[in-house]
Each structure stands twice: as C-alpha cells, then as structure tokens.
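Letters A, B, ... mirror the listed sequences (proteins, then strands); counts begin at 1.
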2 protein chains.
Amino acid sequence: MIPRKTIYRLSIYLRCLARLRENSIGTVSSEALAKAAGVKPTQLRKDLAYFGTFGTRGLGYDVNELLQKISEELGTSSLQPVILVGVGNLGLALLSYRGFEKEGFEIIAAFDTDPDRKRDKKISQPIFGMHDMPKFIREKNVKMAILSVPPAVAQNVVNTLVDTGIAGILNFAPIVLAVPEDVMVNNVNLAIELENLSYFIQG
Amino acid sequence: MIPRKTIYRLSIYLRCLARLRENSIGTVSSEALAKAAGVKPTQLRKDLAYFGTFGTRGLGYDVNELLQKISEELGTSSLQPVILVGVGNLGLALLSYRGFEKEGFEIIAAFDTDPDRKRDKKISQPIFGMHDMPKFIREKNVKMAILSVPPAVAQNVVNTLVDTGIAGILNFAPIVLAVPEDVMVNNVNLAIELENLSYFIQG
DNA sequence: AAGTGTTTGTGAATTATTTCACAATGGCAG
DNA sequence: CTGCCATTGTGAAATAATTCACAAACACTT
Ligand SMILES: NC(=O)c1ccc[n+]([C@@H]2O[C@H](COP(=O)([O-])OP(=O)(O)OC[C@H]3O[C@@H](n4cnc5c(N)ncnc54)[C@H](O)[C@@H]3O)[C@@H](O)[C@H]2O)c1
Ligand SMILES: NC(=O)c1ccc[n+]([C@@H]2O[C@H](COP(=O)([O-])OP(=O)(O)OC[C@H]3O[C@@H](n4cnc5c(N)ncnc54)[C@H](O)[C@@H]3O)[C@@H](O)[C@H]2O)c1
C-alpha cells in the first residue's frame, strides 16, 4: 500500500521530469530531482521504491523512463473525462483553463441550474441544465466531477452525483461533504489555506 | 508545538462551529462536532488539548466559547490584508469572490503587468501595475499574497514579493517555488488534485 | 581489468500522528 | 445532597511517515 502522501509527490515528480525533458535533460540524480520537487533525496528514493527500482547506481535516473513509470503507476497514461458543476465566477475560470489537457484531464461538459445565461462566454465546452446531468454521466461513463456551486446546495448536488456513479469529487464549496466511503472527495478551501498561512507566518 | 495538520483541522472546526451558531445551537459534544468535521472524536479532543481545555465533562463544548478560543489560537480575530498578483481568468474569479471577508481576509488590491485592460470589470479592488507593488506592500505592511500568474513568470514575481517583505504565498501556478525558509508557500495545484482523485478511484 | 568515485536502494532508527482505553469530572435527576 | 450517567482530557499504545546510514551496484578513467 503506497502512502497517500507519496502519491501526491509522484505527481510533483512527474511535472519536474516533464520540465527536464523539455530542456533535453536525459538523466537526473535523486538529489537534483528532489531539489526541483522541494523534498529530500531519501524521500524521493523511498517514494519510488514503493513500486519499483528504476535508477542506475552511480548515474541516476533516465528521465524518459522514470516519467513513463510514474505515469503508469498513477494511471495518467489515458485522458480522463471530467465534468464541472456550477458555472459561476470560479467555474468559468476553470472551464477556460487550457492547462488540464496536457496533464491528462479534459473537462468535457459543464452543468448549471441556469445554463442559458452562461452560454455566451468564450468557452469551448457545452453547458447543460442540471436535468441532463444524470443521463450524461451514465452515457459517457464519467467518474470525476469538479464542484463549484454555492455551499448551500453543494450537498444536494453531491447526492445526485454519487447516485449517478461519480466516484471522485474535487470540491470548492467550503463545507464538509457527506459521501459513501467508496467515493473520494478532495477539498480545495482557499479560506483555510489563507488562514493556515496566516498562522504560520505569525507564530 | 501544535502539529501542522491540527492547525488545518482547527480551521475546519471553526467553520462547523460557525454553522452551529447560525443554527442557534449552544453546546456540542466532541462526537457531534467531529462528525460534522469529518474526523474522529478522539482526534478532535486531542487537537483541542494542544492549546487548552474548554469542555465540560458530561455536557460538551460551548459553541461560542470554543469558536472564540480557536479563533484566538489561529489569530483570525483580526482582518488580514492580502494582495493578489496576476489578474487573469482565475485572478478575476478570486477578486470577485465575496467569501473571504467573513473568514477574516480581505484582498485589498491586485497587481498585473497589464492593469488597464482589466480595469473595466465589476470588481471593487483597485488594480495596479507591477511597478507600484513594492511600495504598496511596504506602505500597507502586507504580509500575504495570492499568486495567479502564468508559471513561466511565477518565480520571478515571487522573488520580488519576498524581497518586499511578503511572508506567506498562496500559489496557483503549477511549479515548485524556491523561497527562503522563513517564507511559507501553500500550493494549490488543481491538476495534481485531479490526478490524485483519479488514482484512488481506480486503485 | 582494476581502481575510483557516485549514486542508488533499503533496513533500522527516529519522529510524527492517530487511536485506544479509561480515570476524572461535572451536570442533572430524584 | 447523593449517585448515576454522559462526556471530557490524557497517558500509553499503535500506526504512519520521514530520515539516517551504509552496503551494493554501476559508470568512468586509466
Ligand atoms: N470564486 C472564488 O474565488 C471562490 C473562492 C473560494 C471558494 N469558492 C467557492 O466556490 C463555489 C463557487 O463560487 P463562485 O464564486 O463561482 O460562485 P457563483 O455564485 O459565481 O457561482 C455558482 C454557480 O452555481 C450555480 N448553481 C447554483 N445552484 C446550483 C445547483 N443547485 N446546481 C447547479 N448549479 C447551481 C449558479 O447558477 C452559479 O452559476 C462556492 O461554493 C464558493 O464558496 C469560490
Ligand atoms: N484558470 C484556472 O482555472 C487555473 C487552473 C489551475 C491552475 N491555474 C494556474 O493559475 C495561474 C493563472 O491562471 P489563469 O488562467 O488566470 O491565467 P491567465 O493567463 O488568464 O492570467 C494570468 C495573468 O497574469 C498576468 N501576468 C503575466 N505576467 C505577469 C507578471 N510578470 N507579473 C504580473 N502579472 C503577470 C497576465 O497579464 C494575466 O492577466 C496560472 O499559473 C495557471 O497555470 C489556473
């Protein structure tokens, strides 16, 4: 069982390796890669050891090979379809962001109670009403959703998502969502991040 | 020394307590509050024990008192000024968000290389050029910044921020920032969050 | 082909965090 | 005022994560 935190770091290593490849760097030592990722070399090596041994002693890691192996381990090799619910200020920013595709994700559609008012914007994804959501999720076999609706309705929307087969939710609403234990929620709570910063820069 | 993770959870408790207060609930047991926060009761009690004892055995915690105490501990009692750098899609969404004030933060100004093109939007904060930033930070004694600039320029902007006295950065650019160790960076990397979800819903 | 210098991989040690288990406490009913 | 009951606070135990320390492996030089 690979620790949760290791999985997070694998994602970071992946991005550092991608940059190295862009710069035509063929091999990298655990020391150099760890530095780029902001961790200690031993931690990097331990993280990799959870699922294989890829390095050459005395030399380091082959950038392409390691990229490939981490990618496989994370299952990022194939493009994952994602939907977004709640096309407000934040939802629109996310929809117009072109950075997800090259990381292996694609927001294929958005849903909102009021889809028509949003439609005039310069975004490429279709925006549907909430009524169309269950059918869409089932037909396209979507497993992940980004939730950017007001907190007051978030639990309600989540219940629908879960009933319809969504297994992973990236939640921006500042509330704790109740979900069955086979559904995973990652919360992004910006107020808490700020509060956290504020605490540590004072104390 | 209070664990880092405890501090995160204190912020969550705070929000749960705020909701209880809105619903005119005066006391709460560790069991009920823990459930609302999505943690185990013993963990909640241990978290509180790090900085005091506030409960009444047989009864639970006084909602108002606990709210007050956690707030003090986190230093959220006073409003913290924050600046935002990079008024693009994401930056605009953050600027227009009215939810930070009631959590103790206020984005008092924004900065961008191209401030004039953004000025027509319906946001209340002033947008200045990058040239004005150092002076502003020093004069207003701002300690925290939200960074939503393109990744290619992020390190550069951070260097300026750090030189000017910023001690806490909430970073949305998908790169690892290098900062002196007395500066704290909290990263919000949405691609990594998605990748993480994707891993755990499959494996 | 041997020697040298680097860097990996990994058990063991350390440190951090969570959970357990239960004695101590105070509210409340009678 | 006494005893019961619910609930806290907390050492101790368990679990998880990080760091250390070093032998093993390989590249590279001569
Ligand atoms: N905007 C930010 O910068 C920011 C920052 C932190 C947190 N958040 C959180 O993110 C969420 C979205 O924020 P926002 O600023 O975009 O809000 P918003 O009000 O601009 O957008 C919310 C959208 O959800 C839609 N909606 C409402 N009820 C719905 C329902 N039942 N089903 C589907 N859609 C529904 C609305 O039509 C609207 O388009 C909120 O929970 C907010 O607290 C936002
Ligand atoms: N938009 C999203 O949903 C989203 C999602 C995940 C990550 N991000 C990340 O957040 C950051 C911002 O994303 P965005 O979509 O808002 O990008 P954007 O291109 O819309 O906005 C970037 C803004 O930064 C300004 N800028 C450029 N160089 C600058 C400099 N040197 N100093 C100050 N300002 C400068 C630009 O003028 C522009 O207004 C990026 O790093 C992006 O990768 C965005």
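For the pair A:L66 CG and C:dT8 P, the interatomic distance rounds to 11 Å; values are reported in whole Å. For A:L33 and C:dG9, the CG to P distance is 12 Å, given to the nearest whole Å. Between the C1' atom of D:dA17 and the CE atom of A:M1 lies a distance of 13 Å, rounded to the nearest Å. In this structure, NZ of B:K46 is placed 9 Å from C1' of D:dA12, rounded to the nearest angstrom. Computed from coordinates, the B:L59 CG to C:dC28 C1' distance equals 10 Å when rounded to whole Å. Between A:F51 atom CZ and C:dT10 atom C1' there is a gap of 16 Å when expressed in whole angstrom units. For the pair B:I2 CD1 and C:dA16 C1', the interatomic distance rounds to 15 Å; values are reported in whole Å. For the pair B:L44 CG and D:dT8 P, the interatomic distance rounds to 8 Å; values are reported in whole Å.
Atom NZ of A:K143 is surrounded by more than 12 heavy atoms from other residues, nucleotides or ligands within 6.0 Å. Residue-environment remark: CD (B:Q43) exceeds the threshold of 12 foreign heavy atoms within 6.0 Å.
OP1 and OP2 of D:dA16 both lie 4.0 Å or more from every side-chain N or O belonging to A:Y50. At D:dT8, one or more side-chain N or O atoms of B:S30 fall inside 4.0 Å of OP1 or OP2 (strictly under the cut-off). A sub-4.0 Å separation between OP1 or OP2 of C:dG9 and a side-chain N or O of A:R45 is absent. Regarding contacts with the backbone of D:dT19, a side-chain N or O of A:K40 is found under 4.0 angstrom from either OP1 or OP2. OP1 or OP2 of D:dT18 has at least one side-chain nitrogen or oxygen of A:R9 nearer than 4.0 Å. Applying the 4.0 Å criterion to OP1 and OP2 of D:dA17, one finds that A:Y8 has every side-chain N and O outside that range.
For the residue pair A:N159/A:Q155, the side-chain donor-acceptor check at 3.5 Å is satisfied.
The side chain of A:S29 lies closest to C:dT7, out of D:dT8, C:dT7, C:dT19.
Within 4.0 Å of A:T53, counting heavy atoms only, lie sugar-phosphate atoms of the nucleic acid but no base atom.
Mapping B:R57 and A:Q43 onto DNA chain D by nearest heavy atom places B:R57 closer to the 5' end of the strand.
Here the two rings, on A:Y61 and A:F54, have centers that are 6.0 Å apart or farther.
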Derivation of the salt bridge (Lys or Arg N to Asp or Glu O under 4.0 Å) call for A:R15 and B:E195: CA-CA 12 Å; A:R15 281 154 188 78; B:E195 199 161 286; 2.9 Å; yes
